[in-house]
There are 2 protein chains.
Amino acid sequence: MPTRPNKSRKSYHHGDLRNALLKAARDVLEERGPSFLGLREISRRVGVSAPSAYHHFPSRDAIALGLAEHGAREMAECLTAGPRDETGALAPYGEAYVAFVRANPALYRLMFGEGFPAVSQYSHAVRELRKRSYEIMKSNLENRLSDAELPIAGLFLWALVHGLGLLLIDGQITTGEDDRDIVHRVLQLAGTGLDHGRT
Amino acid sequence: MPTRPNKSRKSYHHGDLRNALLKAARDVLEERGPSFLGLREISRRVGVSAPSAYHHFPSRDAIALGLAEHGAREMAECLTAGPRDETGALAPYGEAYVAFVRANPALYRLMFGEGFPAVSQYSHAVRELRKRSYEIMKSNLENRLSDAELPIAGLFLWALVHGLGLLLIDGQITTGEDDRDIVHRVLQLAGTGLDHGRT
DNA sequence: GCTTAATCTTTACAGCGTTAGGATTGTGCC
DNA sequence: GGCACAATCCTAACGCTGTAAAGATTAAGC
């Protein structure tokens with residue numbers, strides 16, 4: 001059967017199509033991954049014809065970009081809100097970072113380049129998030145290290161949580177242990193290391 | 001003009017089409033990235049019609065998979081060959097790891113999931129590479145740490161080089177410094193940290 | 001209430017991965 | 001050498017995609 005617009009819609013105009021498209025795109029993203037983010041698939045879910053999306057986004061990639069923009073703000077907010085768990089973790093922001101990645105795997109991959117290289121370049125919010133991530137990792141260490149060591153140490157911590165998060169959501173860490181324990185122990189190792197690893 | 005097969009080929013049969021396709025695919029991969037890995041684009045470069053690829057690969061994804069297989073063996077070889085630079089680096093295999101990632105950015109992204117999720121699952125060589133990467137990172141530390149600490153410390157080092165490599169090839173490290181210096185200093189920080197960070 | 005602009009529609013086009021079936025060439029047996 | 005066969009390549013075509021063009025429907029402003 002040929003796909004046709006949703007007849008069950010009350011009015012000819014949708015009213016809030018832009019956000020409806022973004023929401024459907026978010027669903028597709030988490031359900032099937034970045035490579036399945038198709039314009040036609042998205043508009044089908046909303047119950048609207050494909051070209052109607054062009055009144056709200058200039059291209060399919062722009063939808064992915066809008067998604068990444070929204071996700072970037074979400075993640076930045078989540079990180080700067082600060083982790084409420086203060087059980088003596090040495091890198092609490094690091095744990096919050098990995099937790100967000102694990103909670104939003106496809107979104108994170110989207111923001112960090114997978115499938116849509118344009119996202120990394122053209123999204124202001126995503127660029128801000130990346131800068132902020134680095135800053136946050138530095139801030140996580142600044143009461144423990146001198147200003148001279150901070151740039152490299154911050155990069156060290158950022159790369160660590162970035163890599164750890166990606167390995168986790170790619171299912172490539174196959175020890176039998178609980179993932180949260182693993183994250184904690186790795187960050188603890190990094191933390192104690194940083195405390196003694198002055199140059 | 002409609003695209004037509006390469007008339008300048010000597011014989012009707014290509015002779016080594018399978019490898020020619022893989023080589024062209026590798027070129028496309030490095031030139032334009034994983035998302036541009038199209039079957040038609042690849043066969044166009046070889047000067048052959050698109051469906052002829054189906055005599056050597058069951059699908060387009062299978063070409064990407066073959067590419068990843070080959071790349072995985074290449075990387076494993078490069079890593080186990082061992083770094084010849086012995087200038088006292090604390091994590092020589094770590095530096096070799098990041099160096100390979102920087103030299104083959106798109107290939108590395110392909111092997112670790114971007115665009116072709118099937119690659120991570122179905123490629124034997126890629127699975128082997130990932131296991132091996134972890135083992136190599138552990139071996140990099142085994143004369144410095146006890147057996148009990150090795151699993152977490154190996155994961156720590158692997159996640160670090162994985163994340164650092166990805167951040168570098170994504171162009172998200174924008175300090176003015178030389179990238180190689182940065183890698184060295186980050187790994188040095190990790191190394192000295194590990195030396196003192198016994199639990 | 002009419003005009004205008006915004007929103008959604010159908011229709012159409014080129015490019016994609018893939019299938020089906022015909023043309024051409026290398027291979028092994030007589 | 002010649003012939004049957006299998007392997008390899010081709011063109012044609014299908015359904016899918018993102019996108020452009022142009023017509024239908026509705027909301028907004030005077």
Side-chain angles (χ1 to χ4, degrees), chain A residues 1-25 28-29 32-67 110 115-119 122, chain B residues 1-25 28-29 32-67 110 115-119 122:
Chain A
M1 97 187 168
T3 310
R4 61 179 58 252
N6 190 355
K7 294 288 184 187
S8 70
R9 206 190 323 137
K10 34 241 146 196
S11 63
Y12 187 89
H13 289 353
H14 183 284
D16 192 25
L17 186 52
R18 197 194 136 91
N19 285 104
L21 289 170
L22 282 177
K23 177 162 167 32
V28 175
L29 184 67
R32 320 244 288 152
S35 58
F36 288 88
L37 253 188
L39 188 147
R40 279 184 138 103
E41 168 70 18
I42 294 170
S43 27
R44 218 168 330 187
R45 294 204 179 200
V46 180
V48 101
S49 80
S52 52
Y54 283 84
H55 285 271
H56 304 275
F57 298 95
S59 72
R60 183 198 65 145
D61 290 15
I63 300 185
L65 202 142
L67 211 54
L110 178 68
F116 300 86
V119 165
Y122 298 131
Chain B
M1 93 188 171
T3 310
R4 60 179 59 253
N6 190 354
K7 295 289 184 186
S8 70
R9 207 189 322 139
K10 31 250 154 193
S11 65
Y12 186 88
H13 289 353
H14 182 284
D16 192 25
L17 185 53
R18 198 193 134 90
N19 287 104
L21 288 170
L22 282 176
K23 178 163 164 33
V28 175
L29 184 67
R32 321 243 287 153
S35 58
F36 287 88
L37 253 189
L39 188 148
R40 280 183 137 103
E41 168 71 18
I42 294 170
S43 28
R44 218 168 326 182
R45 293 204 181 201
V46 180
V48 102
S49 81
S52 51
Y54 283 82
H55 286 271
H56 305 276
F57 297 94
S59 73
R60 183 197 66 144
D61 290 15
I63 301 185
L65 202 141
L67 211 55
L110 179 68
F116 299 86
V119 164
Y122 297 131

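Naming: A, B, ... by sequence-line order, numbering from 1 per chain.
Closest approach of F36(A) to V28(A), counting heavy atoms only: O-CG1, 3.5 Å. The minimum heavy-atom distance between S43(B) and A50(B), with the atom names listed, is OG-CA, 3.4 Å. In this structure, P34(B) and L29(B) approach most closely via the heavy-atom pair CA-CD1, 3.7 Å. Minimum interatomic distance between L67(B) and L22(B) (heavy atoms only, all atoms of both residues): CD1-O, 3.4 Å.
Here the P atom of nucleotide dC16(C) and the CG atom of L37(B) are 13 Å apart, to the nearest Å. Computed from coordinates, the Y54(A) OH to dA12(C) C1' distance equals 14 Å when rounded to whole Å. Separating the NE2 atom of H14(A) from the C1' atom of dT9(C) is a distance of 15 Å, rounded to the nearest angstrom. Across the protein-nucleic acid pair, H56(A) atom NE2 and dT19(D) atom P stand 16 Å apart, rounded to whole Å. Rounded to a whole Å, the CZ atom of F36(B) is 11 Å from the P atom of dC16(C). When the P atom of dC16(C) is taken as reference, atom CG of D61(B) falls 16 Å away, rounded to whole Å. Atom P of nucleotide dT18(C) and atom CD1 of I63(B) are separated by 9 Å, given to the nearest angstrom.
At the phosphate of dT10(C), neither OP1 nor OP2 sits under 4.0 Å from any side-chain N or O atom of S49(A). Dashed line: the shortest gap from a side-chain N or O of S52(B) to OP1 or OP2 of dC10(D) is under 4.0 Å.
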Pairs under 3.5 angstrom, nitrogen or oxygen only, protein versus nucleotides 21-27 of chain C, please.
| from | atom 1 | to | atom 2 | distance (Å) |
| --- | --- | --- | --- | --- |
| dA23(C) | N3 | Y12(B) | OH | 3.3 |

What N/O pairs connect the protein and nucleotides 15-17 of chain D at under 3.5 Å? Give each pair on its own line.
| from | atom 1 | to | atom 2 | distance (Å) |
| --- | --- | --- | --- | --- |
| dT17(D) | OP1 | R44(A) | NH2 | 3.1 |

Can you list, pair by pair, the side-chain donor-acceptor contacts under 3.5 Å of residues 52-64 of chain A, counting residues two or more places apart and other chains?
| from | atom 1 | to | atom 2 | distance (Å) |
| --- | --- | --- | --- | --- |
| S52(A) | OG | S49(A) | O | 2.4 |
| S59(A) | OG | D61(A) | N | 3.4 |
| S59(A) | OG | A62(A) | N | 3.2 |
| R60(A) | NH1 | L37(A) | O | 3.1 |

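Taken from CZ in R40(B) to CD1 in I42(B), the straight-line distance is 12.5 Å, to the nearest 0.5 Å. To the nearest 0.5 Å, the span separating CG on L21(A) from CG on L39(A) amounts to 8.0 Å.
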